Amino acid sequence: MYSNDEDWLEFCFKFLSVYVLGGIATIMGVFINIAANILIAVPFWLIWTVFKIGAKYFYFLPDLYHNISLWSCIGIFLCIGMVKLLFAHNSATVNTK
């Protein structure tokens with residue numbers, strides 16, 4: 001299949017660099033995204049529930065939304081990030097002449 005060891009090593013290097021490291025980068029990106037959303041959601045939850053900003057300025061919302069749990073808040077931030085990724089698109093156009 002491979003004529004010498006150099007071809008085999010080249011194949012192994014390409015396989016590792018494309019599939020394995022690409023998969024690791026994707027997984028690390030997901031974990032970084034989750035960590036960033038948690039770091040953003042916790043202060044928001046504190047301000048919204050503990051300091052009662054939600055009840056003060058958003059009094060027209062039902063009481064259910066004034067006292068959300070921390071995990072619900074983190075879940076909302078994660079879902080917003082996923083929906084944003086789904087609908088975000090690059091609107092830049094490039095003219096090559």
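Residues take their numbers from the sequence shown, with the count starting at 1. Quick caveat: nothing in here was measured; it's all calculated off a predicted structure.
Pairs passing the side chain to side chain donor-acceptor pair (under 3.5 Å) check and including a residue from residues 72-82, sequence neighbours excluded, read S69-S72.
With hydrophobic clusters built from ILVMFWY side chains whose heavy atoms lie under 4.5 angstrom apart, M82 does not share a cluster with I32. By the rule that hydrophobic residues join a cluster once side-chain heavy atoms approach within less than 4.5 Å of another member, L64 and F77 end up as members of one cluster. A single hydrophobic cluster is seen to contain both V30 and I74, as judged by linkage of ILVMFWY side chains at heavy-atom distances under 4.5 Å, directly or through other members. At a threshold of 4.5 Å between side-chain heavy atoms, the hydrophobic network of Ile, Leu, Val, Met, Phe, Trp and Tyr places L61 and Y57 in one connected group. I34 and M28 are not part of a single hydrophobic cluster, where members link through side-chain heavy atoms under 4.5 Å apart.
Annotation: the span from I38 atom CD1 to W71 atom CH2 amounts to 5.5 Å, rounded to 0.5 Å.
The two residues C73 and A41 come nearest to each other via the heavy atoms SG-O, 3.7 Å.
Clustering of Ile, Leu, Val, Met, Phe, Trp and Tyr side chains at separations under 4.5 Å places I27 together with F31. By the 4.5 Å side-chain criterion applied to Ile, Leu, Val, Met, Phe, Trp and Tyr, I80 is assigned to a cluster that also includes I76.
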Under 3.5 Å, which donor-acceptor pairs do the side chains of residues 45-56 form with other protein atoms, sequence neighbours left out?
residue, atom, partner, partner atom, Å
W45, NE1, I68, O, 2.9
W48, NE1, Y65, O, 2.8
T49, OG1, W45, O, 2.7

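A search for side chain to side chain donor-acceptor pair (under 3.5 Å) contacts involving N33 returns N37, not counting sequence neighbours.
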